[in-house]
Amino acid sequence: MKQLFNILRIGLAIGLLIWLLAKVNIRESLVSMRNANPFYLLLTIICFFLLILVSVWRWKVILDEKSLSFSLSYLLTVYFATWFFNNVLPTAIGGDVIRIIYTIKDNQKAQAFSATFVDRMIGFVGLFFFALLASAWLLVVQNQTRFLILNLVGFLILLVIIFILFNDRAHRFFSKIFQRIKVFRLGVFFDQLYDAIKDYRRKPKALLVSFLLSLLIQAILALSWFYTGYAVGIRIAVSYYFLYCPIIGLLTMIPITIGGLGIRENSFVTFFGQVGVNSVQATSTSLLYLIVNYGYALVGGIVFVFLKKSKEKKESYDFTYSPTKPGECKTL
């Protein structure tokens with residue numbers, strides 16, 4: 001069933017791309033892509049690299065709080081490999097698994113898991129917050145409410161999840177459930193993981209820096225789309241990219257295709273068609289963006305072939321359980 005579902009996701013992604021190309025004059029789109037301004041395409045490529053670099057910076061801030069200290073260059077190579085798996089595997093967590101595997105030290109799985117989880121969670125917070133601001137602006141400028149309600153609900157749900165993860169009472173409740181899971185000591189691991197995640201509430205500075213970096217990531221992402229569009233002759237205000245790109249990002253999170261393939265391209269054509277961008281330019285922009293994205297994924301695949309785990313030293317950090325208070329732990 002899993003293999004069948006993955007095949008369906010691949011088929012859906014390809015089907016969406018074919019549907020997109022069937023709606024436009026593909027010959028004109030190819031001509032537009034061939035005549036794209038190389039200078040602005042170069043700016044797109046640079047923005048992509050900055051996007052990855054800031055993402056690595058945010059991840060390092062989170063890792064450092066668990067005494068999982070790695071060099072920026074090492075994390076950059078790991079993140080390139082992550083980019084590859086996120087774009088070619090029919091799963092939303094393939095890249096995260098790579099990040100966890102290559103940041104585990106001295107068998108400290110809970111800390112590596114928690115760092116990647118919190119990094120991903122803050123990324124979602126930044127995306128939803130940015131999209132919420134964009135939706136509010138659409139309400140003011142165009143009197144559109146369809147995205148505002150969706151983003152507001154999603155943002156509130158995310159805040160509830162964060163509250164549960166950082167709450168002692170919720171931890172005690174789930175600890176009772178974890179204690180019943182004896183297979184492969186998964187219950188013990190889940191409890192350690194919960195505690196490691198909850199420990200980040202004592203790191204407000206790191207969380208704030210990570211959140212601000214998440215907003216910067218969304219801004220760079222919008223600029224990468226803007227320069228791609230500018231390369232094929234789209235001349236609209238950059239503010240539209242700040243408005244629609246976060247919403248497109250949310251739509252690509254729907255796990256029905258590979259890395260949002262097909263959804264991202266169709267969404268761009270649909271949204272920007274509402275502000276006067278013709279279908280040929282919009283399709284050319286989305287396909288050029290896809291090519292740059294897959295170019296970085298190809299680099300990530302090559303990097304992964306030669307990637308080796310870091311042997312850097314770190315301070316001793318471990319968890320032990322109090323026999324009188326299950327679920328609590330102390331740092332040694």
Side-chain angles (χ1 to χ4, degrees), residues 47 50-66 68 75 79 82-83 86 92-93 95-97 99-100 103 110-139 147-168 170-171 174 193-225 241-255 259-260 263-264 267:
C47 280
L50 290 177
L51 176 68
I52 293 175
L53 191 61
V54 176
S55 298
V56 171
W57 182 10
R58 184 186 67 191
W59 184 28
K60 179 172 174 56
V61 169
I62 296 298
L63 283 169
D64 287 345
E65 294 300 329
K66 289 297 179 185
L68 295 172
L75 293 179
Y79 205 88
T82 297
W83 200 273
N86 281 341
I93 62 173
D96 287 342
V97 172
R99 289 206 285 166
I100 292 169
T103 53
Q111 287 85 343
F113 264 88
S114 67
T116 299
F117 181 88
V118 171
D119 177 71
R120 176 59 72 101
M121 182 178 66
I122 294 175
F124 284 155
V125 171
L127 175 58
F128 270 98
F129 185 78
F130 211 96
L132 187 60
L133 292 178
S135 301
W137 183 251
L138 281 175
L139 175 63
F147 298 117
L148 178 61
I149 297 174
L150 176 65
N151 291 331
L152 181 60
V153 171
F155 188 67
L156 291 176
I157 292 175
L158 191 58
L159 291 181
V160 170
I161 294 174
I162 293 173
F163 174 79
I164 292 174
L165 290 173
F166 285 178
N167 185 267
D168 288 325
H171 185 194
F174 283 105
L193 176 59
Y194 203 125
D195 195 87
I197 294 172
K198 191 178 65 176
D199 183 63
Y200 277 103
R201 67 185 182 180
R202 301 182 180 89
K203 317 291 184 181
K205 182 178 179 180
L207 294 179
L208 177 60
V209 170
S210 299
F211 172 70
L212 294 177
L213 290 175
S214 295
L215 297 183
L216 179 58
I217 288 170
Q218 294 304 317
I220 296 174
L221 185 62
L223 285 176
S224 66
W225 277 105
Y241 291 88
F242 283 91
L243 289 173
Y244 288 123
C245 289
I247 298 172
I248 294 174
L250 288 176
L251 292 176
T252 58
M253 288 166 52
I254 303 174
I263 295 178
R264 175 177 52 245
S267 298

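- To the nearest 0.5 Å, atoms CH2 (W137) and CG (L132) are separated by 14.5 Å.
- If you take OH on Y194 and CG on N167, they are separated by 6.5 Å, rounding to the nearest 0.5 Å.
- The nearest pair of heavy atoms linking P246 to L127 is O-CD1, 3.6 Å.
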Review point. Could you walk me through whether L63 and D119 pass the side-chain contact (heavy atoms from CB on, under 4.5 Å) check?
Key: CA-CA 9 Å; L63 283 169; D119 177 71; over 6 Å; no

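- Here M121 contributes atom CE and S210 contributes atom OG; the two are 9.5 Å apart, rounded to the nearest 0.5 Å.
- Considering all non-hydrogen atoms of both residues, S214 and G126 come closest at CB-CA, 3.8 Å.
- I162 places a side-chain heavy atom less than 4.5 Å from the side chain of V125.
- The side chain to side chain contact (heavy atoms under 4.5 Å, CB included) test with V209 singles out one residue from I122, V61, I62, and that residue is V61.
- Atoms CG and CZ, from L193 and F113 in turn, are 7.5 Å apart once rounded to the nearest 0.5 Å.
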Exercise for review: Evaluate the side-chain contact (heavy atoms from CB on, under 4.5 Å) criterion for residues W83 and L51: first the C-alpha distance (whole Å), next the side-chain angles of each, then the deciding distance (0.1 Å), finally the verdict.
Suggested key: CA-CA 11 Å; W83 200 273; L51 176 68; 3.8 Å; yes

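- Taking CZ of F129 as the reference point, atom CG of L158 lies at 12.5 Å (rounded to 0.5 Å).
- Without hydrogens or angle criteria, Y200 side chain to S114 main chain gives no donor-acceptor distance under 3.5 Å.
- Taking CD1 of I149 as the reference point, atom CG of L152 lies at 8.5 Å (rounded to 0.5 Å).
- Taking all atoms of both residues into account, the shortest heavy-atom contact from D96 to N86 is N-OD1, 4.5 Å.
- Considering only heavy atoms from C-beta on, L221 stays 4.5 Å or farther from Y241 through its side chain.
- Using a 4.0 Å cut-off between charged side-chain N and carboxylate O, D168 and R201 make a salt bridge.
- Of the possible polar contacts, none joining the K66 side chain to the A110 backbone as a donor-acceptor pair under 3.5 Å is found.
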Practice item. Start with the C-alpha gap between T103 and L75, add the side-chain angles, then the distance that decides, and say whether side-chain contact (heavy atoms from CB on, under 4.5 Å) holds. Key: CA-CA 9 Å; T103 53; L75 293 179; 4.1 Å; yes

Point to revise | Residues Y79, K60; criterion side-chain contact (heavy atoms from CB on, under 4.5 Å); working and verdict | key: CA-CA 11 Å; Y79 205 88; K60 179 172 174 56; over 6 Å; no

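- At least one side-chain heavy atom of L215 sits under 4.5 Å from a side-chain heavy atom of F130.
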